[in-house]
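Here's the structure, in structure tokens; my notes come after.
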Amino acid sequence: MKLSLYIQVNRWITISEPSVISNLGYGTGVMAPGRMGSGVNDYSVGHNLLQAHVMTYKLYKNSYGEQNGKNTMCTGSLCILKVVSLIWR
């Protein structure tokens, strides 16, 4: 029996907890990297995170679209529900 080393990965999480990154990391500064600038930094970071997600989605779709994979961003408790629903489809 020959095993293939090529495995298709059809479920991707591009960014986990974007609100924690933007609000707590760059807004209030409570989490890493600890930068404070609520009202400016957190929105700018949130915008960049959305752009990164879209770029990753397009790259995956253009390069691996034939695999019919799924991409998502995990946001809070919905993350677990999204991942579980993606896995059990």
Side-chain angles (χ1 to χ4, degrees):
M1 181 167 115
K2 183 178 178 181
L3 295 176
S4 173
L5 295 178
Y6 178 73
I7 299 172
Q8 292 182 357
V9 178
N10 291 331
R11 310 294 187 239
W12 293 91
I13 298 172
T14 57
I15 298 171
S16 179
E17 304 291 346
S19 61
V20 171
I21 297 168
S22 62
N23 295 336
L24 300 179
Y26 289 88
T28 61
V30 187
M31 303 287 278
R35 299 197 178 177
M36 294 178 66
S38 188
V40 177
N41 289 348
D42 46 354
Y43 287 106
S44 179
V45 170
H47 175 75
N48 290 336
L49 290 172
L50 286 172
Q51 285 184 321
H53 173 72
V54 169
M55 290 173 62
T56 304
Y57 169 80
K58 288 180 179 178
L59 175 68
Y60 181 84
K61 185 176 178 182
N62 292 335
S63 300
Y64 306 103
E66 72 278 357
Q67 293 182 11
N68 296 320
K70 305 288 184 200
N71 294 312
T72 189
M73 274 179 35
C74 286
T75 56
S77 60
L78 293 176
C79 177
I80 295 170
L81 296 175
K82 285 181 183 179
V83 171
V84 169
S85 67
L86 286 174
I87 292 172
W88 291 106
R89 284 186 185 181

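Because the structure is a prediction, the values reported are computed rather than measured.
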With sequence neighbours left out, write down each residue that passes side chain to side chain contact (heavy atoms under 4.5 Å, CB included) with [X], or none if nothing qualifies.
X: Met55; answer: none
X: Tyr57; answer: Lys61, Asn71
X: Leu24; answer: Val20, Thr28, Met31

Residues joined to Val54 in its hydrophobic cluster, side chain to side chain under 4.5 Å directly or through other members, sorted by chain and number, are none

Considering non-hydrogen atoms only, spot the tightest contact between Gly25 and Pro33 and give its length.
O-CD, 3.7 Å

Tyr26 and Val45 have their tightest heavy-atom pair at CG-CG2, 3.4 Å

From [X] [atom1] over to [Y] [atom2], what is the distance, rounded to the nearest 0.5 angstrom?
X: Ile15; Y: His53; atom1: CD1; atom2: NE2; value: 7.5 Å
X: Asp42; Y: Leu49; atom1: CG; atom2: CG; value: 11.0 Å
X: Thr56; Y: Ile13; atom1: OG1; atom2: CD1; value: 13.0 Å

Side-chain donor or acceptor of Ser44 paired with backbone N/O of Val40 under 3.5 Å:
no

Under the side-chain hydrogen bond (donor to acceptor under 3.5 Å, both in side chains) test, which residues partner Ser22, sequence neighbours left out?
none

